[in-house]
Amino acid sequence: MSEKRSGNAVCFRCDSCGEEVDVRSHVNLCPHCGGLLEVQYDLDGFKQSIDVLRDYKRDSIWRYRDFMPGVSEKNIVSLGEGGTPLVKSKYLGPSLGIDNLYFKNDTLMPTGSFKDRGYSLAISYAMDIGIKRGITYSSGNAGASFAAYSARAGFPSVIMVEYQASNMKKMMISLYGANTAVLNFENFTQIENMLDKAVTELNCYSFVNFINPIRHEAMKTYAYEIYGELGRVPEYSFHPMGTGGGVWGTWKGYNELAALGITDKVPKMVPVQPEAVCWLKQAIDSGADEGRMYGDSTKTIAQSISGNSPLQGGHRLLHAVRDSQGMAMAVSDKEILEAMLDLGREGIGAEPSSASSVAAFKQAVREGKINSGDTVVCVITGTAFKQPNAVERIAPMPKYSLNADVDEVRELLEQLNML
Ligand SMILES: *Cc1c(COP(=O)(O)O)cnc(C)c1O
Ligand SMILES: [Zn+2]
């Protein structure tokens, strides 16, 4: 076992060549072959803290700090991320004959998206191991989150935000006080190459999902929190998928619960992409062992999940879907917009990308894939507030207007059959 462990994190292991790398070293990718690194833990160490997993209390992700790479107290940068409500569906689930449908409402995170889980951990860890500067590429929400946490931590950073992001997302990055640049590109492979070179030639530490080996470790907290609140694991876990860090980290968390003997199964994992770019579904349906670039990322309203090519072949995601006997799904913009209205009626304002999990759930029910007794969780990843023009398309300005006169209020109530 390495001398330089971090809490219960023992080392990184390379997905491709199996090489073990010091978990506190300043690397993004495997120094030997450039493969993706994964944090390995000491399971006996986890057992010391197992009560934290068994008894649930709504708290931040730091409740689970013993299950993530260790960070000393003084380097933790936290704004209250995680511990979001698991809201039971009152209308949509029952209307489709599924009584146990839940929404994990991460629109309530500090910067309005689930990205805060990952950045709280990754920036804290970067400070802890002495990283001096960071860069990231973002479809918008990651940038806002990285901005908030790096500014709060006093951690020097640059954020490249893709040109398609809404102005609000771009402005939020500036509001949090971070350096930002708009990123123009033709396809995601270009971005991947540029980031590779920034890491190897400019010695930057990258915070892009998977290239950064820490961020998605925080997504394990989805599994811990959902299990904690339900007292069991759901049959299905639906996730909007961009790079796949969210869904993959969640799958890893569920597997840890199983390895610790807390649960005896892992949910079927269901990553959801827009039809326009559904490379994972293409690969799963064709039985491929590698994902390939597919479609056009400008052709969907779900801009946060519009990436059209897998990182390093997408092996992690193919494996998570197959191993959990899950499915990869694709939804149209029309289905997404309808799902935003379904969520609105449940009291949740979601941006298009985050409503894709609900759109896919409806499709799966229509196709007879969900049993009426199944418990289903749809992760709702980001708030409607940051993509106002999408909201405008489905939720028009008020139809009625009146003067401040009680007679006009009476008239309106009569018109609405409320008197
Ligand atoms: C980033 C993002 C996603 C995709 O997350 P990945 O971890 O990249 O798969 C989904 N929904 C929203 C709202 C996002 O901001
Ligand atoms: Zn390697």
Side-chain angles (χ1 to χ4, degrees), residues 11-21 27-38 104-109 111-119 122 136-146 161-162 165-166 169 172 188 207-213 215-220 222 238-252 269-274 277 279-280 300-307 309-312 314 316-317 320 328 331 336 340 343 348-360 378-387 390:
C11 65
F12 291 126
R13 185 175 300 140
C14 173
D15 279 13
S16 304
C17 75
E19 182 78 24
E20 292 191 352
V21 180
V27 293
N28 279 126
L29 297 165
C30 172
H32 305 276
C33 77
L36 301 181
L37 296 174
E38 185 183 354
K104 180 64 171 162
N105 187 5
D106 266 21
T107 69
L108 296 180
M109 295 285 261
T111 76
S113 90
F114 86 108
K115 299 290 196 304
D116 294 346
R117 293 177 190 263
Y119 279 111
T136 202
Y137 142 78
S138 167
S139 57
N141 287 328
S145 184
F146 187 52
V161 59
E162 66 179 50
S166 72
K169 286 180 178 171
M172 291 297 285
F188 283 83
F207 285 80
V208 173
N209 253 345
F210 290 140
I211 292 176
N212 180 289
R215 254 178 78 186
H216 49 261
E217 293 300 311
M219 302 310 168
K220 301 192 300 181
Y222 272 133
F238 283 74
H239 290 251
M241 187 193 99
T243 61
V247 62
W248 189 79
T250 307
W251 173 75
K252 183 172 179 180
M269 303 306 293
V270 188
V272 183
Q273 291 179 292
V277 294
W279 65 261
L280 184 61
T300 175
I301 194 171
Q303 178 261 329
S304 302
I305 53 171
S306 62
S309 40
L311 199 70
Q312 297 210 1
R316 286 183 172 178
L317 295 151
V331 291
I336 286 174
M340 283 173 71
L343 278 168
I348 298 173
E351 70 161 73
S353 299
S354 56
S356 68
S357 55
V358 172
C378 290
V379 175
I380 312 301
T381 43
T383 177
F385 299 150
K386 280 196 259 174
Q387 209 175 328

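In this text, all values refer to a predicted model and were calculated from it rather than measured experimentally. Order of appearance sets the numbers: ligands from 1, and atoms from 1 within every ligand. Computation of the quantities below employed the complete heavy-atom set of this structure, encompassing side-chain atoms and omitting hydrogens, waters and symmetry-equivalent molecules.
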For this session: Show your reasoning for whether side-chain hydrogen bond (donor to acceptor under 3.5 Å, both in side chains) applies to E351 and Q303.
Result: CA-CA 9 Å; E351 70 161 73; Q303 178 261 329; over 6 Å; no
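Those atoms of ligand 1 with a heavy atom of N141 less than 4.0 angstrom away are 13 (C), 14 (C), 15 (O). Residue contact check: G245 has heavy atoms under 4.0 Å from atoms 6 (P), 7 (O), 9 (O) of ligand 1. Atom numbering of ligand 1 starts at 1 in the shown order; those under 4.0 Å from a heavy atom of I305 are 3 (C), 4 (C), 10 (C). With ligand atoms numbered from 1 in the order given, ligand 1 contributes 9 (O) to contacts under 4.0 Å with heavy atoms of M241. For ligand 1 and T243, the ligand atoms under 4.0 Å from any heavy atom of the residue are 6 (P), 7 (O), 8 (O), 9 (O). Residue E351 approaches ligand 1 through these ligand atoms, each under 4.0 Å from one of its heavy atoms: 13 (C). Distances below 4.0 Å separate heavy atoms of F114 from the following atoms of ligand 1: 1 (C), 2 (C), 3 (C), 5 (O), 7 (O), 10 (C), 14 (C).
Taking the charged nitrogens against the carboxylate oxygens, R117 and D106 do have a contact shorter than 4.0 Å, which makes a salt bridge. Contact check on E38 versus R13 returns no salt bridge, with no Lys/Arg side-chain nitrogen under 4.0 Å from an Asp/Glu carboxylate oxygen.
Between the Zn ion (ligand 2) and C14 there is an N/O/S contact shorter than 2.8 Å.
At the Zn ion (ligand 2), the vertex angle linking SG of C30 with SG of C17 is 110° (nearest 10 degrees).
With I380 as the fixed residue, the side-chain contact (heavy atoms from CB on, under 4.5 Å) test singles out one of S356, S113, S354: S354.
Ring geometry for F210 versus H216: interplanar angle of 30 to 60°, hence tilted. Between Y119 and F146, the angle of the ring planes lies from 30° to 60°, which puts this pair in the tilted group.
With a 4.0 Å cut-off on non-hydrogen atoms, N209 touches ligand 1 through its side chain and not its backbone. By the criterion of a heavy-atom distance under 4.0 Å, neither the backbone nor the side chain of H239 is placed next to ligand 1.
Closest to atom 2 (C) of ligand 1 by heavy atom, among Q303, Q273, K115, is K115.
Nearest protein neighbour of atom 4 (C) of ligand 1, counting heavy atoms only, is G242 N, 3.3 Å. Protein heavy atom in closest approach to atom 13 (C) of ligand 1: T381 OG1, 3.2 Å.
Not a single heavy atom of W248 sits less than 4.0 Å from an atom of ligand 1.
A donor-acceptor contact closer than 3.5 angstrom is absent between the side chains of K169 and S138.
Residue-to-ligand polar distances place G244 within reach of ligand 1: an N/O pair is separated by less than 3.5 Å.
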